[in-house]
Amino acid sequence: MAELEEKYPPRNLPEGAFVTRFAPSPTGYMHIGGLYQALIDCKLAQQSGGVFMLRIEDTDTKREVADAVKIIEDSMHRFGLQYNNDEKYGPYYQSKRKDIYHSVAADLLARGLAYPCFLTAEDMEKIRENQKAAGFATGIYGEFARDRNLTEEEIIAHLDNGEVPTIRLYSMGNPENRIFCKDAVRGSIGFPENNEDIVLIKSNDGLPTYHFAHLCDDHFMRTTHVVRGEEWLPSFPLHTQLFRMMNWTPPMYIHTSTIDKIDSETGKQRKLSKRHDPEANVAFFLADGWPTEAVLEYLGNIAASGYEEAKMKGQVKSIWEYEMRPKKIPMSGALFDMKKLEWWAKEFIASLPVEELVKRVRDWADEYDSQWAARIAVNPEYLKCILAIERDNPKRIRKDFITWKQTLQEVSYFWDDLFVPNKEYEYNKAVLSGFLNTFDSCDDKDTWWNKIVSVAAENGVKNGDAAMNLRVALTGRTNTPDLYSIMQVMGKDKVINRIKEIIQ
RNA sequence: GGUCCCAUCGUCUAGCGGUUAGGACGUCAGAUUCUCAUUCUGAAAACACGGGUUCGAUUCCCGUUGGGACUGCCA
C-alpha cells in the first residue's frame, strides 16, 4: 500500500484545481448523456487549471464491444474535449490495473475487511428467491453471507476443490445507522448504512467491480471531483464507507441528472435510450451533420444555464469562456429539446464566414455522403457562391441552415441532377416569356427588378406574382432566398433553360 | 415492496422570505421584404396540492401526489 501511495503521489497542482475524469465502459456507442458528463468534466478541469482524464472502464468483458474505445476517443476529439492522460497516473484501462486492485484487496483481506466467497451463481439465485419470498431485501448480507466466517481449513478445502472465490467486502455497516454523503449539488444526503457484502473482485476474470475500481482508481489517480450519473446515488453510501475503510479522503461528487425525452407510446418521461432513440447516440449528430459546437453549447447551457444570456450579451464567445459552477448544475432531468438545439445550430452556422461554412459542409460530405462530395468536387467555387447568398450583411444573414446535410438539401436545386421542376404550380407563361425576352444576366439588381415590374404591368399581375413565377420556374420552390442573387449564381444558361422548359 | 433523488410558463431555466415571478427556445400577432429566412415590436404562457413556521411564503419544515433512479460476480 505504501508503495502505491508513493507511486501515485498527490498531484502538484495549484489550489482549487479540479482533477476530473470521464469513465465510460466500452460497451457500444457514445451516449449523449456521456457527452454531457464529459463536457462537465472537461470544463471544470479546464477552467480551474486542473487535469481531465479519460479512463476506460473495461471490467465487464462480456459486454465489451470491439471498436467502442475508438468511438469514444473519436467522439472526444471531434467535440474538442481534450483529455490529458499523464502516464504517471496510468494506465487508463482498468483491465490493466489489476495489480492495484489486488494489492488493495490483499490489504483488506489482511485486515479482515474482505473475505473469499465461494457462493455460486445458483447458490445466490436460490438465496435471492428465498429472500423475495420472505419479503427481505435481496443481497448477500448478515446471515445470508454464508462464507463470511470460513475457517482457514474450509477455505483451503474449497480451493483444493478447484473453486475460484470472489473477494467480498466484509461489511461493517448497519442499516439501523444513517450515513451522510456529500454531493456538490444536492448537499448532504442521508442513507441507511450499507450492509451488503458486495463483490470487490470477480471470480471469473479477477477484475474488480465498479465500486471497487472507483475506490482504487479515483484515489490513486487523485481525482478531486467525480462527475457521474444520478444512477449512482443508491450506491453512494457504499462508496463513502469504502473510502472510510481505507482512511482515504473521498473525492467531491457531482451526480448529474439524466437527459430525457417523452416516450411516444407511454407519454411518460424517461431517459434517452440507446435502443429506441437515435438521438441518444452521439454518432447520429455527426452523421446528420450537426455542428459539434452547437451540440456542445446546447449541452453546456443545460449544465451552466447562464451561458446563453452571457453569450447573447457578448460577454463570452463560447462555452469555454463561461464559468461553470458545480453547485449550479441542475439536478432534475432535462428533456432533450431538438428545437432549441436547432436554434443553437442556426445561430452557429450563421456566425460562420462563407469559406468556413463551405469547408465544414465539404468535410461532412467527404465523410458521410460520397455523391455530394463528388458533386461539390466538380466545382467547389459554385458551392461557395451559393452559400454566400444572403451572407453579405452581417445583420441579415439567413438562418435556415441547421446541419451540413440539410444545408446541401436546402440548396440542391442549384444542381440540374437534383433540380425538381414544380409541376403543380400554375405558371403564367406570358409573364415568363415576357421576362425571358428582356432578360440580361448583366443587369444590376435595380434594372432587373424594373424589368419584372414592367412585365407584371404588361400582364396585369402583381409584382410579387411575377417574381413568384420566376422563382418557382427556376427553383421549383415557393420559398427561397433573394431571387436576384440566385439568378446571378445560377448563371445565364441555367436561367434561360429552366424558363424555356416551363414555357414549352 | 424497500431506499434515495427530483418538482417555477409547452421546454430549458433565473430566483436563494417582501419581485409587476426575469430570460431563452417554441407558439401567436403586427411591421419590414419579390416569397422564405432574417431583423424589429408586441402578446399569450408557470411557482403540483395540503398543512405548518412567519407580520409575510415560489423560497424554510412536514405530508400528499406526480415523475425518476437503484434494488446483478453491469457499469
Side-chain angles (χ1 to χ4, degrees), chain A residues 23-27 57-60 62-63 94 117 119-121 124-125 128 132 135-140 164-168 175 181 183 185-186 189-192 194 196 198-211 213-214 228-237 255 257-258 260 262 268-271 298 301-302 305-309 311-312 328 330-344 346 350 390 393 395-401 410 448-449 452-453 456 462-472 475 477-484:
Chain A
S25 306
T27 54
E57 309 226 320
D58 55 348
T59 55
D60 185 358
K62 289 184 224 80
R63 287 205 309 155
Q94 289 185 327
C117 172
L119 249 19
T120 63
M124 291 174 54
E125 188 53 41
R128 195 187 336 272
K132 276 185 181 166
F136 294 143
T138 54
I140 303 303
V164 183
T166 60
I167 304 302
R168 275 187 192 276
C181 307
D183 178 278
V185 270
R186 290 161 220 259
I189 309 171
F191 298 86
N194 169 270
E196 278 192 69
I198 57 114
V199 173
L200 264 20
I201 303 285
K202 297 185 277 186
S203 63
N204 60 342
D205 49 18
L207 286 167
T209 54
Y210 170 87
H211 311 290
H214 156 55
R228 45 145 68 153
E230 67 179 358
E231 67 270 20
W232 291 110
L233 240 23
S235 42
F236 204 177
H255 289 96
S257 53
T258 52
D260 306 343
I262 299 291
K268 291 189 173 180
Q269 186 164 342
R270 46 150 251 251
K271 192 170 153 183
Y298 171 69
N301 190 56
I302 290 179
S305 69
Y307 170 61
E308 65 185 355
E309 204 169 340
K311 172 152 182 180
M312 260 182 286
K328 301 285 289 175
M331 37 191 178
S332 53
L335 247 26
F336 193 86
D337 188 347
M338 261 307 178
K339 281 275 181 262
K340 189 135 193 184
L341 207 214
E342 284 183 9
W343 175 76
W344 280 110
K346 285 177 184 174
E390 288 191 5
N393 183 348
K395 284 245 155 201
R396 300 223 148 189
I397 291 176
R398 61 187 298 195
K399 285 187 182 163
D400 48 354
F401 295 145
E410 203 63 27
W448 168 83
W449 180 244
I452 289 179
V453 171
K462 289 180 187 164
N463 298 344
D465 290 341
M468 186 54 83
N469 267 279
L470 260 183
R471 165 172 292 108
V472 178
T475 68
R477 304 181 186 188
T478 49
N479 302 333
T480 74
D482 179 59
L483 234 199
Y484 177 75

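Since this is a predicted model, take the numbers as computed values, not measurements. In what follows, chains are A, B, ... by sequence order, proteins preceding strands, each numbered from 1.
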Name the nucleic acid region contacted by [X], choosing base, sugar-phosphate or nothing; use a 4.0 angstrom heavy-atom cut-off, strictly under.
X	result
A:Ile189	sugar-phosphate
A:Ala137	nothing
A:Ser25	sugar-phosphate
A:Thr478	base
A:Pro481	base
A:Gly229	nothing
A:Arg186	sugar-phosphate
A:Thr27	nothing
A:Ile397	sugar-phosphate
A:Lys311	nothing
A:Trp232	base
A:Glu390	base

From [options], pick the nucleotide closest to the side chain of [X]?
X	options	answer
A:Pro234	B:U11, B:A69, B:C73	B:A69
A:Arg128	B:A75, B:A24, B:G72	B:G72
A:Trp343	B:G23, B:G26, B:U39	B:G26
A:Phe191	B:U39, B:A7, B:U3	B:U3
A:Pro330	B:C74, B:U13, B:U71	B:U13
A:Glu231	B:C6, B:A75, B:U38	B:A75
A:Met468	B:U11, B:U35, B:U3	B:U35
A:Thr209	B:A24, B:A75, B:C4	B:A75

One should read off an interatomic distance between A:Glu230 CD and A:Lys271 NZ, to the nearest 0.5 angstrom, of 8.5 Å

CG of A:Leu341 to CZ of A:Phe336, rounded to nearest 0.5 Å, is 4.5 Å

Heavy-atom nearest nucleotide on RNA chain B taken for A:Thr59 and for A:Glu196; more 5' hit belongs to A:Glu196

Note: for A:Asp400 and A:Gln94 on RNA chain B, the residue whose nearest nucleotide lies more 5' is A:Asp400

What's touching nucleotides 58-67 of chain B from the protein side, N or O pairs under 3.5 Å?
from: B:G67; atom 1: OP1; to: A:Lys268; atom 2: NZ; distance (Å): 3.4

Rounded distance in Å between the P positions of B:U19 and B:C6 = 27 Å

message: Taking only the P atom of each, what is the distance from B:C70 to B:C62 in whole angstrom?
response: 26 Å

Any donor-acceptor pair under 3.5 Å from A:Thr209 side chain to A:Val199 backbone: yes

Whether A:Asn301 side chain and A:Glu308 backbone form a donor-acceptor pair below 3.5 Å: yes

Quiz item: Would you say a side-chain N or O of A:Lys340 is under 4.0 Å from OP1 or OP2 of B:A24?
Solution: no

### Message
With a cut-off of less than 4.0 Å, is there a side-chain N or O of A:Ser305 near OP1 or OP2 of B:A24?
### Response
no

Between [N] and [X], counting only base atoms on the nucleotide and side-chain atoms on the residue, is there a donor-acceptor pair under 3.5 Å?
X	N	value
A:Lys271	B:A69	no
A:Ser203	B:C73	yes
A:Glu230	B:G68	no

Item to complete: Classify the ring geometry between A:Phe236 and A:Phe191 as parallel (under 30°), tilted (30 to 60°) or perpendicular (over 60°).
Response: perpendicular

Scan side-chain atoms only and decide if A:Arg471 and A:Thr480 contain a donor-acceptor pair under the 3.5 Å cut-off. yes

Re B:C4: Watson-Crick or G-U wobble partner, both distances kept under 3.5 Å, found to be B:G68

